[in-house]
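Numbers here are sequence positions counted from 1.
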Amino acid sequence: MKKSICLYFQVHQPSRLRLYRFFDIGKDSHYYDDFANRTILRRVAQKCYLPMNALLLEMINRHKGEFKVTFSISGSVLEQFDRYAPEVIESFRKLADTGCVEFLSETYYHSLASLASPDEFKHQVMKHREAIENYFGVTPKAFRNTELIYSDAIGEMVYDMGFKTMLTEGAKHVLGWKSPNYVYSGAMAPKLKLLLKNSSLSDDIAFRFSDKNWPDWPLTGEKYLSWIKAAAQNDEIVNLFMDYETFGEHQKAQSGIFDFMRYFPDVVLKDGEFEFVTPTQAARKHESVGVLDVPDPISWADEERDVTAWLGNELQNDAFGKLYSLEEKLSIVDDEALWSDYGHLQESDHFYYMCTKFFSDGAVHKYFNPYDTPYEAFINYMNVLSDFILRVDDAISVSDAKFAAAKAEGKGRTRSAKSSATKSSAKTSAKAKTAKASAGTETAVKSAGKKTAAPKKRTTKTK
């Protein structure tokens with residue numbers, strides 16, 4: 001039996017927030033930087049999505065179905081494709097029509113809901129599944145959580161939603177002596193098969209490919225295949241997982257990244273030792289070699305391979321806690337605009353921008369961060385969140401007033417004046433809370449600032 005190579009690409013762009021000042025709270029509830037979102041999306045489409053999709057289609061046709069790839073495309077970026085670059089969706093549809101591309105399910109908003117709310121997590125997964133069915137005519141069978149976040153408890157939730165295959169990181173502190181080049185099963189869901197990223201081989205393309213100071217530069221298809229063979233000498237499958245923006249955006253076209261990907265499948269298939277598979281095919285082909293115990297969440301981020309890139313400091317945890325504390329209030333509000341904003345405010349990128357890691361992984365964070373400092377990211381986000389909280393409280397007040405009025409009408413009395421007074425009082429109270437929250441925000445920033453050094457100027461890569 002041939003050994004397997006599983007190529008998986010993550011496709012996501014966040015809904016970037018505009019500069020939102022304290023004095024905008026309660027006056028302007030448009031939160032997004034439409035110009036930046038459109039400009040970046042169009043740029044990445046021209047540099048990465050369109051040329052790379054065309055290249056993959058060419059390779060699939062050339063190899064008559066022997067070359068296969070896998071995508072996870074967030075709902076947030078699908079919305080931006082619809083708005084700013086519909087031709088990208090059409091190029092993905094052409095790939096879907098080949099039958100050689102698998103589309104995974106994930107959280108619609110590329111969120112951290114799996115760490116905060118099982119109900120919201122399940123809702124977003126179902127919403128994303130429907131979006132993939134509507135856009136590409138296929139039903140996802142395998143699952144990839146945001147940033148490959150996984151734990152035993154998350155795996156159980158995923159299995160309960162009907163998925164039998166899940167992707168995650170081959171974290172060394174979890175694997176110990178074990179190899180990532182096998183299929184494993186979940187500790188709390190033994191029938192859930194886990195595919196683990198081979199970090200070293202994946203990062204050779206995603207991070208080191210264009211580094212001329214890298215001892216192994218330049219990377220060729222033959223050299224790379226020899227490394228894959230060595231890594232899987234006694235193993236079964238090599239999982240190469242990376243951001244799709246690696247091609248043309250993080251690793252520029254002039255680095256030769258497109259030429260590498262054009263001929264790498266030729267080298268692999270001509271050699272004959274490996275074949276390309278999708279995650280679902282891999283799970284059918286390979287049996288689990290054992291249970292993987294992951295009591296605490298892991299991810300593919302940073303050297304720690306945990307969730308501290310998003311929830312590693314007081315700023316992040318404060319913002320995260322305040323956001324998800326609104327779930328109960330929102331559950332009684334039937335407002336599509338509020339629910340949409342709630343989803344976009346959950347995007348993991350907002351919390352990533354607040355990260356205060358300035359050492360081993362500081363350069364990567366700086367590359368992805370549109371803010372000068374994580375403290376600016378926190379203040380901007382909390383200003384937006386303060387306005388959002390006002391809107392939620394107002395919606396509940398209006399809902400209560402309508403209910404009270406309807407109830408009074410049933411008794412033959414009108415209480416409109418009292419309802420208006422209630423609403424006015426609610427607004428005044430909410431604004432007072434907002435001012436208090438903003439003051440707390442400044443205190444939190446100052447407090448965090450005492451504990452963490454200011455970021456240094458660095459070079460880096462990604463999103």
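- Panel note: side chain Asn239, backbone Cys6; no donor-acceptor pair is recorded below 3.5 Å.
- Open room surrounds NZ on Lys164; 12 or fewer heavy atoms of other groups in view lie less than 6.0 Å from it.
- Using modelled atom types, one side-chain atom of Ser91 and one backbone atom of Val88 make a donor-acceptor pair closer than 3.5 Å.
- Ion pair Arg305/Asp203 flagged as a salt bridge, since at least one NZ, NE, NH1 or NH2 atom sits closer than 4.0 Å to an Asp/Glu carboxylate oxygen.
- Environment of NZ in Lys3: crowded, with over 12 heavy atoms of neighbouring residues, nucleotides or ligands closer than 6.0 Å.
- Proximity of the aromatic rings of Phe260 and Tyr224 is defined here by a centroid distance below 6.0 angstrom, and this criterion is met.
- A side-chain donor-acceptor contact under 3.5 Å links Ser348 to the backbone of His110.
- Residues Phe320 and Met354 fail the side-chain proximity criterion, which asks for heavy atoms closer than 4.5 Å.
- Between Glu249 and Arg43, at least one side-chain N (NZ, or NE/NH1/NH2) sits under 4.0 Å from a carboxylate O, which counts as a salt bridge.
- Distance OH/Tyr20 to OG/Ser29: 5.0 Å, rounded to 0.5 Å.
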**Study point:** Intermediate values then yes/no, side chain to side chain contact (heavy atoms under 4.5 Å, CB included), Val101 and Phe92
**Key:** CA-CA 9 Å; Val101 177; Phe92 276 114; over 6 Å; no
Exercise for review: Check the pair Thr165, Leu192 against side chain to side chain contact (heavy atoms under 4.5 Å, CB included), reporting the backbone distance first and the verdict last.
Suggested key: CA-CA 6 Å; Thr165 308; Leu192 177 70; 5.7 Å; no
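- Side-chain contact between Leu115 and Tyr324 is absent, with no heavy-atom pair separated by less than 4.5 Å.
- Not a single donor-acceptor pair under 3.5 Å links the side chain of Asp318 to the backbone N or O of Glu314.
- With a 6.0 Å radius and a threshold of 12 heavy atoms from other residues, nucleotides or ligands, Lys94 has its NZ atom at or below the threshold.
- Atom CD1 of residue Ile154 and atom CE of residue Met166 lie 6.5 Å apart, to the nearest 0.5 angstrom.
- Lys193 contributes a side-chain N or O that, together with a main-chain N or O of His286, makes up a donor-acceptor pair within less than 3.5 Å.
- Checked by atom type and distance alone, the side chain of Asp243 never pairs as donor or acceptor with a backbone atom of Thr246 at under 3.5 Å.
- Exactly one residue among Phe136, Phe143, Tyr8 makes a ring-ring contact (aromatic ring centres under 6.0 Å, His included) with Phe103. That residue is Phe136.
- To the nearest 0.5 Å, atoms CG (Asn198) and CG (Asp235) are separated by 9.5 Å.
- If you check the side chains of Asp335 and Tyr342, you find no donor sitting under 3.5 Å from an acceptor.
- At least one side-chain heavy atom of Ile149 sits less than 4.5 Å from a side-chain heavy atom of Trp310.
- Of the charged side-chain nitrogens involved, at least one lies within less than 4.0 Å of a carboxylate oxygen, so that Arg391 and Asp341 count as a salt-bridged pair.
- Taking all atoms of both residues into account, the shortest heavy-atom contact from Pro190 to Met188 is CD-C, 3.7 Å.
- With hydrogens and angles left out, the side-chain atoms of Asn383 and Asp24 include no donor and acceptor closer than 3.5 Å.
- To the nearest 0.5 Å, the span separating OG on Ser331 from CG on Asp119 amounts to 9.5 Å.
- For Arg93, the CZ atom sits in a packed shell: over 12 heavy atoms of surrounding residues, nucleotides or ligands are nearer than 6.0 Å.
- The shortest distance between side-chain heavy atoms of Phe388 and Leu338 falls below 4.5 Å.
- Between Lys357 and Glu303 there is no salt bridge, since no side-chain nitrogen of the basic residue lies less than 4.0 Å from a carboxylate oxygen of the acidic one.
- With a 6.0 Å radius and a threshold of 12 heavy atoms from other residues, nucleotides or ligands, Asp334 has its CG atom at or below the threshold.
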Practice item. For the pair Tyr31 and Asp387, evaluate side chain to side chain donor-acceptor pair (under 3.5 Å) and give the outcome as yes or no after the intermediate values. Key: CA-CA 9 Å; Tyr31 306 139; Asp387 183 83; 2.5 Å; yes
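- Salt bridge annotation for Asp34-Arg18: absent, with no cationic side-chain nitrogen under 4.0 angstrom from a carboxylate oxygen.
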Practice item. Kindly determine whether Arg16 and Asp349 satisfy salt bridge (Lys or Arg N to Asp or Glu O under 4.0 Å), including the steps that lead there. Key: CA-CA 9 Å; Arg16 298 167 187 83; Asp349 309 75; over 6 Å; no
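- Under the 3.5 Å distance criterion, the side-chain polar atoms of Ser76 are left unmatched by any main-chain donor or acceptor of Pro14.
- Gln316 places a side-chain N or O within donor-acceptor distance of the main-chain N or O of Ala309, the cut-off being under 3.5 Å.
- Because its NZ or CZ atom is both nearer than 6.0 Å to the ring centre of Tyr108 and within 45° of the ring axis, Lys127 counts as a cation-pi partner of that residue.
- Remark: the Thr107 side chain and the Thr146 side chain contain an N/O donor-acceptor pair separated by less than 3.5 Å.
- Here the side chains of Tyr381 and Leu345 are in contact, with some heavy-atom distance below 4.5 Å.
- Using a cut-off of 4.0 Å between Lys/Arg side-chain N and Asp/Glu carboxylate O, Lys223 and Asp216 are scored as not salt-bridged.
- Residues Asn53 and Phe71 have side chains in contact (heavy-atom distance under 4.5 Å, counting atoms from C-beta outward).
- The environment of Arg83 atom CZ is dense: over 12 non-hydrogen atoms of other residues, nucleotides or ligands sit within 6.0 angstrom.
- Between Thr373 and Thr356 there is no side-chain heavy-atom pair separated by less than 4.5 Å.
- For the 3.5 Å distance criterion, the side chains of Ser210 and Gln251 qualify, holding a donor opposite an acceptor.
- No side-chain donor from either of Tyr353 and Glu376 sits under 3.5 Å from a side-chain acceptor of the other.
- A distance-only check finds no donor-acceptor pair linking the side chain of Glu156 to the backbone of Ala153 [under 3.5 Å].
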Exercise for review: Run the numbers on Ile379 and Tyr371 for side chain to side chain contact (heavy atoms under 4.5 Å, CB included), then give the verdict.
Suggested key: CA-CA 11 Å; Ile379 292 171; Tyr371 300 93; over 6 Å; no
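- Partner of Asn145 under the side chain to side chain donor-acceptor pair (under 3.5 Å) criterion, out of Ser114, Ser72, Ser105, Ser151: Ser114 alone.
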Point to revise | Derivation and outcome, side chain to side chain donor-acceptor pair (under 3.5 Å), residues His344 and Glu347 | key: CA-CA 5 Å; His344 287 296; Glu347 290 171 356; 2.9 Å; yes
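- In this model, no donor atom of one side chain and acceptor atom of the other lie less than 3.5 Å apart for Gln10 and Glu106.
- Between the side chains of His173 and Asp306, not a single donor N or O lies within less than 3.5 Å of an accepting N or O.
- In this structure, Val44 and Ile40 have side chains that are in contact, with non-hydrogen atoms separated by less than 4.5 Å.
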Review point. Hey, mind stepping through Val77 and Leu41 against side chain to side chain contact (heavy atoms under 4.5 Å, CB included) and telling me if it holds?
Key: CA-CA 9 Å; Val77 77; Leu41 194 282; 4.2 Å; yes
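- For Glu287, the CD atom is loosely surrounded, since the number of other residues' heavy atoms within 6.0 Å does not exceed 12.
- The distance from atom CD of Glu169 to atom OG of Ser199, rounded to the nearest 0.5 Å, is 3.0 Å.
- Aromatic rings of Phe81 and Tyr49 (six-membered ring for Trp) have centroids within the 6.0 Å cut-off, being under it.
- Here CG of Leu104 is found 5.5 Å from CD of Glu102. Values are rounded to the nearest 0.5 Å.
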